[in-house]
Every structure is written in C-alpha cells, then in structure tokens.
Amino acid sequence: MTEVVTDLFDQALERYKAGEDATVLIPVFQDICDHTPKNATGWACLAWLYLLEDKPKIALKFAQKSVKLDKSSPQARVNLVLAMLETDTKGVRPHIEAVQQLMSFDTEIRDSVLENVEDGLSRKPDWKSMQRVKNWLTES
C-alpha cells in the first residue's frame with residue numbers, strides 16, 4: 001500500500017509542477033494524507049495548496065500538523081509562517097529563524113526553499129505574505 005501511495009504522491013507532484021490547478025489536486029493530496037497520516041511532506045503539500053486557494057485557516061491546521069511531524073522541514077515551516085501571517089496568528093519569528101538556520105547549513109535546502117518561494121509568487125503574484133517571507137529569508 002505504501003508503494004501505491006508513493007506513486008500517487010509522485011504523480012500528484014508532477015501534476016502540480018505541470019501547472020494543474022490546486023482545487024483539482026487538493027482531494028488527491030487529502031487522499032494521500034488520509035492513507036499515510038504520518039507523512040509530513042503530504043501535509044505540507046496540502047497546506048501549500050490551501051494557501052494557494054486563499055484558505056489559510058485550513059492551511060494553518062495542515063501546516064501545524066506537518067511541522068509537528070517533521071520539525072526540521074523548512075518548507076513545512078514556511079507554509080506555517082504563511083498560514084500564520086494570513087490568519088494574524090502570533091509566533092512567526094521562531095519559525096522564520098529555524099528556516100534561516102536550516103538554509104544557512106545547506107545550499108541545497110536554501111535553493112529549494114527559495115525556488116518554492118518563487119513558485120508561490122509566480123502562482124500568486126500579489127501574495128503579500130509570501131513577499132514578506134521572501135524578504136526575511138533573503139535579507140543578509
């Protein structure tokens with residue numbers, strides 16, 4: 001079963017990269033998360049899709065779950081920060097600092113995070129919260 005879910009996840013991710021709409025992919029990622037509830041990456045993807053759909057309250061719940069499952073995932077923390085900003089939830093700074101620290105240790109992580117930030121801005125060009133996060137993560 002895990003292999004099937006992994007294949008489903010990879011296919012869904014490819015569909016996302018190909019530009020498929022978040023509303024179509026949300027049920028796919030929800031199904032993946034239902035079948036593998038301890039998959040932090042699945043929850044992070046689901047949170048991201050809800051952020052793209054301007055549903056930050058739902059995204060916050062999934063981002064919190066993702067960070068709880070994997071505290072060292074920079075993308076999960078970025079998603080949590082975005083959802084917190086969008087819902088006016090306090091406590092953003094420790095998560096930004098954690099992402100900055102992770103990015104400083106590994107250029108691959110840094111590149112991946114910044115690539116995802118740019119992806120978010122390309123899909124939602126006027127995303128003020130994402131622009132704030134980008135500024136925080138790229139300031140010297």
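Along the sequence shown, the residues carry numbers beginning at 1.
Counting heavy atoms from C-beta outward, Y50 and L60 have side chains that stay 4.5 Å or more apart.
Taken from NE2 in H95 to CG in L82, the straight-line distance is 12.0 Å, to the nearest 0.5 Å. Going from atom CG of L25 over to atom CD of E53 covers 9.5 Å, rounded to the nearest 0.5 Å. Residue I32 holds its CD1 atom at 10.0 Å from CD of Q30, rounded to the nearest 0.5 Å. Atom NZ of K61 and atom CG of L46 lie 9.0 Å apart (nearest 0.5 Å). Here the straight-line distance linking atom CG of N39 with atom SG of C45 works out to 8.0 Å at 0.5 Å rounding. Here S73 contributes atom OG and W43 contributes atom CH2; the two are 14.5 Å apart, rounded to the nearest 0.5 Å.
Closest heavy-atom contact between A83 and A59: CB-C, 4.1 Å. N79 approaches A44 most closely through the heavy-atom pair ND2-O, 2.9 Å. Across all their heavy atoms, V28 and L8 have their closest contact at CG1-CD2, 3.9 Å.
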E14/D10 under side chain to side chain contact (heavy atoms under 4.5 Å, CB included): CA gap, chis, key distance, verdict
CA-CA 6 Å; E14 286 307 312; D10 291 342; 5.7 Å; no

Evaluate side chain to side chain contact (heavy atoms under 4.5 Å, CB included) for W48 paired with F29, printing each intermediate quantity in order.
CA-CA 11 Å; W48 179 258; F29 279 97; over 6 Å; no

Assess the residue pair N116 and V78 against the criterion (side chain to side chain contact (heavy atoms under 4.5 Å, CB included)); give the C-alpha distance rounded to whole Å, side-chain angles, the decisive distance to 0.1 Å, and a yes or no.
CA-CA 10 Å; N116 290 337; V78 167; over 6 Å; no

V99 and V81: CA distance, side-chain angles, deciding distance, side chain to side chain contact (heavy atoms under 4.5 Å, CB included) verdict:
CA-CA 10 Å; V99 175; V81 167; 5.8 Å; no

Check: residues 123-131 side-chain donor-acceptor pairs under 3.5 Å, at least two apart:
from	atom 1	to	atom 2	distance (Å)
R123	NE	Y16	OH	2.9
R123	NE	D119	OD1	2.9
R123	NE	D119	OD2	3.3
R123	NH2	Y16	O	2.8
K124	NZ	L51	O	3.1
K124	NZ	D54	OD1	2.6
W127	NE1	E86	OE2	3.1
S129	OG	E86	OE2	2.6
Q131	NE2	N135	OD1	3.2

For residues 62-70, run the donor-acceptor check on the side chains, cut-off 3.5 Å, and write out each pair with its distance to 0.1 Å, sequence neighbours left out.
from	atom 1	to	atom 2	distance (Å)
S66	OG	A40	O	2.8
D70	OD1	S72	N	3.1
D70	OD1	S72	OG	2.8

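In this structure T89 satisfies the side chain to side chain donor-acceptor pair (under 3.5 Å) test together with T87, sequence neighbours excluded. Listed by chain and residue number, R77 satisfy the side chain to side chain contact (heavy atoms under 4.5 Å, CB included) test with A98 (two or more places apart in sequence, or in another chain).
The hydrophobic clustering, which links ILVMFWY residues whose side-chain heavy atoms are closer than 4.5 Å, places L52 and V24 apart.
Within the structure, no pair that satisfies the side chain to side chain donor-acceptor pair (under 3.5 Å) test touches residues 97-111, not counting sequence neighbours. Applying the salt bridge (Lys or Arg N to Asp or Glu O under 4.0 Å) test to every pair with at least one member in residues 21-42, sequence neighbours left out, gives no pairs at all.
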